[in-house]
Visitor: 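Submitted below is the structure of interest, expressed as structure tokens.
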Amino acid sequence: MAAAYLHGVETIRIDGGSNPVYTVDGAITAIVGTGMSGAVNELTVCQTVKDFSQFGSVTGAGFTLPDAANIWTRYQSGVAYVVNVLDPAKHKTVVDSEALVIDSDTLMAKTAHPAIQAGFTVQAGNQTLSEGTDYTLNQETGELTFAQPRAEVSIAYTYLDPSKVTVADIIGGYEAATGKRKGMELLTEGFTRLGADAKIVIVPQYDADAAVAAAMVTLADKLEAIAYIAAPKGTTLTQAIQGRGSLGNINFQTSSDRAQLFYPYVTGSSGELESLATHAAGLRMKTDVNQGYWFSISNRELLGVTGMEVSLTARIDDPQAETNRLNEKGITTVFNSYGTGFRLWGNRLACFPTVTHIKNFETAQRTGDLIDESIRRAQLQYIDLPIDDALIDSLLGTVRTYLGTLKSIVGFSVSLDYDYDLADAFSKGQVPIKYDYTPKLPAERITNTSVMTRTYLANLISNQSAA
């Protein structure tokens, strides 16, 4: 505030002009599933193998978080928001007595199930053995090592049982009694807690359930994200294609522009089936970090893949190739042709072919998401300032400058939205702004026109004349 009286000179500093806009981080994957250990129904940030190890490291045992981590971390990019829904207090099974077979060379044995909880008892005949003296037990793997040979050995134990996790556990919700969110619903707190929402959502294996897939789409719509949904294991090519129709019986019955559909499962180096949606999420993170969110993940090699659950014909010049048939139905698949390795193949969201707008390209939708959110965040500093020429110029300049710096678009315009009665809008405290832009789109189809002509036979005559 200026002094009531001043015989002299003063300076009043005003922040004028436009302000920079910072693009929000899109390289964040939300992963909901079951862990062998770790926090339950908490939002945990993971990036490396070490980070994910808190949820267990045994793969192929029915726990989806270790399996997902094994795939996602191969791409070494981005951040994951992880939610473990497996509750040791209720998702468990008791084994009263299980006979153990001890290897005579290594003196080792293994339980039928991993993730052993405390309170186990090991017996040799009628003798109860002492842990640490007679044997050691790796509770995560279920491996026992004995100090000496034993006969008639058995174990009574309780193990974490992921098969008891229900669809309701995965989807979660808000509990009024505790004031806490659980399951997928917990991801809606990503921005409040961590300053950014996840932009890719995966729920490995459980996404095969239609109810989970539908909940993923709903969540993605809230977060302005994309839900990556894989067809169930064992799905045939015919079932995958029919799944898009009214008589389909898999989780592909959606035309959402917030979902991308993946088929089939792939085989990893260990011989286990791996979710193509999880691979795509890791590949999306790597592409965002290394090239940019406007680059397609199609035609990029999958890491650690040695085969496919269903073999598909693949040629770039054959419209009847099975990979092309899947793409034309809005299904992203795997391209494996001569000398190509295993490549992700497909650019379209589940709204294709119903929706022909360019937003059916995943890159276009994500470009729009990141641009719109980035601009909204930058405009917080303008809220409640007086509406005048300076404010309007600064708002328009901020958006115009930001769009002008983006490599992800090919053109744009920014102005007040004259579809409004501007005087009326200003009188209500509203400043309507309109911007349009054209995102960069993937070169999905290249057309060569080949013309066979006799025209150049004239070159033979002219060459002879010159000689």
Side-chain angles (χ1 to χ4, degrees), residues 29-74 79-95 98 100 108-122 131-132 135-145 155-172 175 178 180-187 189-190 193-194 198 202-207 268 270 272 274-275 278 281-282:
T29 302
I31 309 176
V32 181
T34 55
M36 307 179 74
S37 55
V40 179
N41 282 309
E42 294 291 343
L43 203 58
T44 305
V45 179
C46 294
Q47 189 169 14
T48 65
V49 173
K50 180 181 178 181
D51 297 334
F52 278 97
S53 65
Q54 63 188 290
F55 299 109
S57 57
V58 178
T59 61
F63 298 89
T64 60
L65 291 182
D67 290 345
N70 178 43
I71 299 167
W72 189 88
T73 55
R74 294 176 202 169
V79 172
Y81 293 171
V82 182
V83 178
N84 171 32
V85 303
L86 194 149
D87 186 348
K90 65 177 183 178
H91 302 133
K92 60 184 180 180
T93 295
V94 176
V95 177
E98 179 183 304
L100 294 175
M108 294 182 67
K110 190 174 184 179
T111 57
H113 304 278
I116 309 300
Q117 290 187 296
F120 48 85
T121 302
V122 179
E131 184 187 12
Y135 69 93
T136 59
L137 170 62
N138 183 323
Q139 290 180 239
E140 182 176 87
T141 64
E143 294 176 332
L144 298 95
T145 303
I155 181 172
Y157 63 99
T158 301
Y159 67 92
L160 298 183
D161 191 348
S163 69
K164 292 191 174 182
V165 173
T166 66
V167 167
D169 293 323
I170 293 292
I171 295 175
E175 286 189 348
T178 62
K180 292 190 64 176
R181 291 178 172 84
K182 293 184 175 182
M184 289 167 51
E185 184 65 21
L186 190 55
L187 295 169
E189 298 182 5
R193 292 190 179 200
L194 303 169
I202 59 173
V203 187
Q205 295 187 36
Y206 294 97
D207 58 357
S270 63
E272 298 170 357
E274 298 178 343
S275 167
T278 305

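Since we're looking at a predicted model, the values are computed, not measured.
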Visitor: Let me know which of T64, T34, N84 forms a side-chain contact (heavy atoms from CB on, under 4.5 Å) with F55.
Guide: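 Result for side-chain contact (heavy atoms from CB on, under 4.5 Å) with F55: N84.
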
Visitor: Just to verify, what does E189 make a side chain to side chain donor-acceptor pair (under 3.5 Å) with, not counting sequence neighbours?
Guide: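 Per chain and number, E189 pairs via side chain to side chain donor-acceptor pair (under 3.5 Å) with R181, R193.
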
Visitor: The criterion is ring-ring contact (aromatic ring centres under 6.0 Å, His included); which residues satisfy it with H91, sequence neighbours excluded?
Guide: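 Applying ring-ring contact (aromatic ring centres under 6.0 Å, His included) to H91 gives none.
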
Visitor: Of all residues at least two apart in sequence or in a different chain, which pass the side chain to side chain donor-acceptor pair (under 3.5 Å) check with K92?
Guide: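 Applying side chain to side chain donor-acceptor pair (under 3.5 Å) to K92 gives none.
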
Visitor: Quick one: salt bridge (Lys or Arg N to Asp or Glu O under 4.0 Å) partners of D169, sequence neighbours excluded?
Guide: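 Partners of D169 by the salt bridge (Lys or Arg N to Asp or Glu O under 4.0 Å) criterion, ordered by chain and then number, come out as K90.
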
Visitor: Pairs in or reaching into residues 79-88: which pass salt bridge (charged side-chain N to carboxylate O under 4.0 Å, His left out), with residues at least two apart or in two chains?
Guide: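 Passing the test, one end in residues 79-88: no pairs.
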
Visitor: Residues two or more places apart in sequence or in another chain: which of them pass side chain to side chain donor-acceptor pair (under 3.5 Å) with E98?
Guide: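 Residues passing side chain to side chain donor-acceptor pair (under 3.5 Å) with E98: Y157.
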
Visitor: Tell me which pairs pass salt bridge (charged side-chain N to carboxylate O under 4.0 Å, His left out) where either residue lies in residues 48-68, with sequence neighbours left out.
Guide: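 Those involving residues 48-68 do not exist here.
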
Visitor: Would you please name every residue forming a side chain to side chain contact (heavy atoms under 4.5 Å, CB included) with V79, sequence neighbours left out?
Guide: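 Expected list: V45, Q47, Y81.
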
Visitor: By side chain to side chain donor-acceptor pair (under 3.5 Å), which residues pair with K164, not counting sequence neighbours?
Guide: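 Only T93 meet the side chain to side chain donor-acceptor pair (under 3.5 Å) criterion with K164.
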
Visitor: T121: what forms a side chain to side chain contact (heavy atoms under 4.5 Å, CB included) with it, not counting sequence neighbours?
Guide: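 Checked T121 against side chain to side chain contact (heavy atoms under 4.5 Å, CB included); matches are Q123, T128.
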
Visitor: Any side-chain heavy atom of K180 within less than 4.5 Å of one from N41?
Guide: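 Not in contact.
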
Visitor: What I'd like to find out is whether the side chain of V83 reaches to under 4.5 Å of the side chain of L43, using heavy atoms alone.
Guide: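 Contact flag for V83/L43 side chains = yes.
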
Visitor: Should Q117 and L160 be marked as a side chain to side chain contact (heavy atoms under 4.5 Å, CB included) after you check the CA-CA gap, both sets of side-chain angles, and the distance that decides it?
Guide: CA-CA 7 Å; Q117 290 187 296; L160 298 183; 3.5 Å; yes

Visitor: Would you mind reporting whether I202 and D207 have side-chain heavy atoms less than 4.5 Å apart?
Guide: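 No. Closest side-chain heavy atoms not under 4.5 Å.
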
Visitor: Does any non-hydrogen side-chain atom of W72 lie less than 4.5 Å from one of T29?
Guide: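 In contact.
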
Visitor: Could you walk me through whether E140 and S37 pass the side chain to side chain donor-acceptor pair (under 3.5 Å) test, one step at a time?
Guide: CA-CA 9 Å; E140 182 176 87; S37 55; 4.9 Å; no

Visitor: Restricting to ring-ring contact (aromatic ring centres under 6.0 Å, His included), what partner residues turn up for Y206, sequence neighbours left out?
Guide: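 Y206 satisfies ring-ring contact (aromatic ring centres under 6.0 Å, His included) with no residue once adjacent residues are dropped.
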
Visitor: Return the set of residues passing side chain to side chain contact (heavy atoms under 4.5 Å, CB included) with T145 (not counting sequence neighbours), or none when no residue passes.
Guide: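 For T145, the residues satisfying side chain to side chain contact (heavy atoms under 4.5 Å, CB included) (neighbours in sequence not counted) are M108, T136.
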
